Amino acid sequence: MSHFLEDLNLTQREAAMQIDGPVMIIAGAGSGKTRVLTYRIAHILNQGADPFQILALTFTNKAAREMKTRIGLLVNESYARQLWMGTFHSVFARILRVEAEKIGYPKQFTIYDTEDSKSVLKTIVKELQLDDKIYKPSLLLNRISDAKNKLINATQYQENPVHLTEDTQSKKPLLGQIYALYEKRNFRAGAMDFDDLLFQTNILLRDNPKVLLKYQEQFRYILVDEYQDTNFSQYLIIKQLAARFENICVVGDDAQSIYAFRGANIQNILNFKSDYPEARIFKLEQNYRSTVTIVESANAVISQNQDQLPKTVFTKNGTGAPILVFRAGSDSEEGQRIAHYIQDRSKHGVALHDMAILYRTNAQSRAFEEWLRRLNIPYKIYGGISFYQRKEIKDVLAYFRLCINPHDDESLKRIINYPARGIGQSTLDRILLTAAEQDLSLWTVISNLHDFKTGISKGIAEKLEAFCIKIKSYQALLQTQNAFELGQHIMVSSGIIPELFADKTIEGVARYENVQELLNGLKDFTEPQNTSEPNETETRFLADFVQDITLLTGTDLSDEKDDGTSKVSLMTIHAAKGLEYEFVCIVGMEENLFPSQLSLNSRSDLEEERRLFYVALTRAKTQLILSYAASRFKYGTMHFSEPSRFLDEIPKSFMEMALHPAQGNVAGKIKTTSQQIISNEISTSAQKKLVRVSAHLKPVSGTTVNLSFNQQLKIGDSVRHEKFGIGTIMHLNGIWPDTKAEIAFNPGGLKTLLLKFARLEA
DNA sequence: TGCGTGCTGATCATG
DNA sequence: TCAGCACGCA
């Protein structure tokens, strides 16, 4: 037995040692799942398996990296590096690169990200002259993605009348045709979207028995993490690959299934036993992470769900502190209170990196960012848009991509007139039209322009030719120059770097810096400083750099820039999956936000929200804060909200209502410029004070009884307006006589009125 | 052709 | 609120 297995408890050890035959591990939150997986892999290696015989699929790149590091510590690093470990998308992209030609794709196929995919759809909708208000690219993509994840291709989609009926009901009868065109265009462009990476892997394995056999033989041991989040397409890949040896180990927790919205099928985990009747099942139920308060609260919440595998998560840890519940009047006040609380905890010795703020939607981060910045508390936002999705980065990458795969229409469209070279929309439209008519890529059209009747003038034809020559000159260097040399050459000679350098606005400078950052990344890639593999002297080319860059996500690169200071983490709950913190603030605990309004229609959607809440709760080790706001800005207008139903699902004995903190020095933080403007961000309490103070200081001018009454108004007061009726004052901005009030009238909604003119009565 | 402006409609989570 | 867009002008 491998000596390190002694670190595990009995069930964990059994699960790690059972390396032959199908195994399912149901791992409750905080039960040491990653530990079992890493030890299991290390154990398999110790039993003499080669690392390349092990296929380990994780949900995120980060999880794969962490696991590799930990395995490296248990066995040895070079072994860990040779494992086939990564996300479904990255592992199968790697296999598809090798086998692409067997399914008719070029080896250097492009991976389209969501933005590219939507753009393809947009072009198709425009070509078909359909209304893009009805045929919205994002909806179309969702529908196509659903189909692909169920392995339904465009032909099958069109042949099944059920789809047509559904699409007709949603006023999109042509969806099938659009799907077919989308498939065709992507294929012609030598491009795969995210779902294709799985779909085409299925096709590859289905149609090429020899290839299937090769990988079945190679992957003697298969492990799948987060099995509850796999979709049908992923499920079938695994099933096929595992068919030879059936040494398959899946790990998951049905209670943490939070990706049904994008096709994850919880049935995969529920049906494992019928797929592999001789499967051994292990349940990890002891939670090592959290206090009794947290574990029991989470259990109470999840018990409200009907669909679940029976299990009892327990802990031997102490009771711990009660869950604190914060109520705030507004979203801004919520930010203020949480930020102050974090500041207070930090002063009492809790490290900032041990604290996290979790929210349902990315848009909620703003109030917290503002207040953390105001209190000089360092923070770090995870997720959001990835470095590689920034416009300026995508522009550069489009040049790279086009050189490597000239039929990549999306890249070509991006850069054909960037930097501006006088090739405008009407020219592009002519090219698009010709390409569609002849069923050719844009590149084929513009590089053989004289073969087509496009109606493009001679002058513009010359510009197009110059563009082609430029791209061809880059292509000629793909095999001779290394990634950094060629990348730099392209960035400079294409005119991108000069153009960005010339822009001295704040955003322009940031864009320039980002492109420089990309260049640094290229340099690191070309000359790896990692000396652990000294014999790796192969030249790294641009194609190697570009190939799977699309698969990196927001969190994957941002770690690099970390300066080492302790920071509070801000992220969505989805992004927090798999992480843990001492202190966790779950914010925005309101009806229609969490649970989301869109989840209220069906029980299964609501149950997914509840599982999401379960995930959020179980991130905390010692202390949980839950907060909600009575009102919140949404799309620029104020909305009132009720506390979330989930709050009621936690036993009262575990919760404590936090008192409103002393509000002493808030006013001191207000800017004292000569023209004192009260900004929106200042808490309502501070506003109340200031408005009252200013009302006393300023002499009443142009007095009527009505005006002086208006001067005395404060937030929360109820007033009557002769036209709008009765309303409540929500916000006051500016100093008399320029004070504006936002008043919520019922009915009538929110109005902003200048108080000196508004005829208000008590 | 390229830009500033004002309107509109949207957003739940992600590889 | 904010981004994406259709418009109108130089």
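Below, chains carry the letters A, B, ... as their sequence lines are ordered, and counting in each starts from 1. Note that this is a predicted model, so its numbers are computed, not measured.
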Report task. Classify every nucleotide of nucleotides 4-10 of chain C by which part a protein heavy atom approaches to under 4.0 Å, writing B for the base, S for the sugar-phosphate alone and - for neither, in 5'-to-3' order. Result -> -S-----
Requested in this report: Look at the side chain of A:F194 and decide which nucleotide, out of B:dG15, B:dT14, B:dT11, has an atom nearest to it.
Outcome: B:dG15
Query raised in the report: Given atom OH of A:Y388 and atom P of B:dG15, what is their separation to the nearest angstrom?
Result: 15 Å
Report task. Using the aromatic ring of A:Y259 (for Trp, its six-membered ring), decide whether it stacks on the base of B:dA13 within the limits of 5.5 Å and 30°. Result -> no
Query raised in the report: Between B:dA10 atom P and A:H639 atom NE2, what is the distance in whole Å?
Result: 15 Å
Query raised in the report: A:Y635 side chain: which of C:dT1, B:dT14, B:dC12 is closest?
Result: C:dT1
Query - Qualifying residues under side-chain hydrogen bond (donor to acceptor under 3.5 Å, both in side chains), relative to A:T114, sequence neighbours excluded - result: none
Requested in this report: Using Watson-Crick or G-U wobble pairs with both distances under 3.5 Å, give me DNA chain C in dot-bracket, 5' to 3', with [ ] for crossers and | for pairs to another strand.
Outcome: ||||||||||
Report summary line: By nearest-heavy-atom nucleotide on DNA chain B, the more 5' of A:E609 and A:D195 is A:E609
Report task. Return the 5'-most residue of the pair A:R360, A:F59 with respect to DNA chain B, ranking by each residue's nearest nucleotide. Result -> A:R360
Requested in this report: Taking the six-membered ring for Trp and the single ring otherwise, decide whether the centroids of A:F633 and A:H639 are under 6.0 Å apart.
Outcome: no
Report task. Would you give a per-nucleotide map of nucleotides 4-9 of chain B, 5' to 3', where B means the base has a protein non-hydrogen atom under 4.0 Å away, S means only the sugar-phosphate does, and - means neither? Result -> ------
Requested in this report: Check ring-ring contact (aromatic ring centres under 6.0 Å, His included) between A:F545 and all other residues, then give those that pass, not counting sequence neighbours.
Outcome: A:F525
Report task. Find out whether the Lys NZ or Arg CZ of A:K577 is both under 6.0 angstrom from the six-membered ring centre of A:F59 and within 45° of the ring's axis. Result -> yes
Requested in this report: For A:S627, enumerate each residue passing the side-chain hydrogen bond (donor to acceptor under 3.5 Å, both in side chains) test, keeping only those at least two apart in sequence or located in another chain.
Outcome: A:E334
Query raised in the report: Which of parallel (below 30°), tilted (30 to 60°) and perpendicular (above 60°) describes A:F88 and A:F92?
Result: tilted
Requested in this report: Could you check how far CD of A:Q389 sits from P of B:dT14, rounded to whole Å?
Outcome: 11 Å
Query raised in the report: Listed by chain and number, what are the salt bridge (charged side-chain N to carboxylate O under 4.0 Å, His left out) partners of A:D254, not counting sequence neighbours?
Result: A:K311
Query raised in the report: Under the side-chain hydrogen bond (donor to acceptor under 3.5 Å, both in side chains) rule, what pairs show up with a residue in residues 87-98 of chain A, not counting sequence neighbours?
Result: A:T87-A:S90, A:R97-A:Q547, A:R97-A:D548
Query raised in the report: Which one, C:dT1, B:dT11, B:dA13, comes nearest to the side chain of A:R366?
Result: C:dT1
Requested in this report: Indicate whether OP1 or OP2 belonging to B:dG15 is found under 4.0 Å from a side-chain N or O atom of A:N231.
Outcome: no
Requested in this report: Nearest whole angstrom, please: distance from the P of B:dG15 to the CG of A:D196.
Outcome: 18 Å
Query raised in the report: Less than 6.0 Å separating the ring centroids of A:H574 and A:Y359?
Result: no
Solution key, residues 612-620 of chain A side-chain donor-acceptor pairs under 3.5 Å, sequence neighbours excluded:
from, atom 1, to, atom 2, distance (Å)
A:T618, OG1, A:Y614, O, 2.8
A:T618, OG1, A:V615, O, 3.1
A:R619, NE, A:V615, O, 2.8
A:R619, NH1, A:L579, O, 2.9
A:R619, NH2, A:Q256, OE1, 3.3

Requested in this report: From the options B:dC12, C:dT1, B:dA13, select the nucleotide whose nearest atom is closest to the side chain of A:T572.
Outcome: B:dA13
Query raised in the report: What interatomic distance, in whole Å, is found between C1' of B:dC12 and the corresponding atom of C:dC5?
Result: 24 Å
Distances under 3.5 Å between protein N/O atoms and the N/O atoms of nucleotides 1-3 of chain B, please, pair by pair.
from, atom 1, to, atom 2, distance (Å)
B:dT1, OP1, A:T427, OG1, 3.3
B:dT1, OP2, A:S426, OG, 2.2
B:dG2, OP1, A:N417, ND2, 3.3

Query raised in the report: Rounding to a whole Å, what distance do you find between A:E226:CD and B:dA13:P?
Result: 20 Å
Query raised in the report: Should the heavy atoms of other residues, nucleotides or ligands under 6.0 Å from CD of A:E465 be counted, would the total exceed 12?
Result: no
Requested in this report: Using atom CD1 of A:I258 as one end and atom C1' of B:dG15 as the other, report the distance to the nearest whole Å.
Outcome: 13 Å
Query raised in the report: Got a sec, which pairs hit side-chain hydrogen bond (donor to acceptor under 3.5 Å, both in side chains) with one end in residues 411-421 of chain A, sequence neighbours left out?
Result: A:E115-A:R414, A:T123-A:K413, A:D395-A:R414, A:Y399-A:R421, A:R401-A:S411, A:D408-A:S411, A:E410-A:K413
Query raised in the report: Rounded to the Å, how far apart are A:K634 NZ and C:dC2 C1'?
Result: 16 Å
Report task. Hey, could you give me the CG/CZ distance between A:N149 and A:F232, rounded to the nearest 0.5 Å? Result -> 11.0 Å
Query raised in the report: Starting at CE of A:M571 and ending at C1' of B:dG15, how long is that distance when rounded to a whole Å?
Result: 17 Å
Query raised in the report: In terms of side-chain heavy atoms of A:S596, which of C:dT1, B:dC12, B:dG15 is nearest?
Result: B:dC12
Query - Residue A:E127 excluded, over 12 heavy atoms near CD under 6.0 Å - result: yes
Report task. Would you list the pairs meeting salt bridge (charged side-chain N to carboxylate O under 4.0 Å, His left out) in which at least one residue belongs to residues 196-205 of chain A, sequence neighbours left out? Result -> A:K148-A:D196
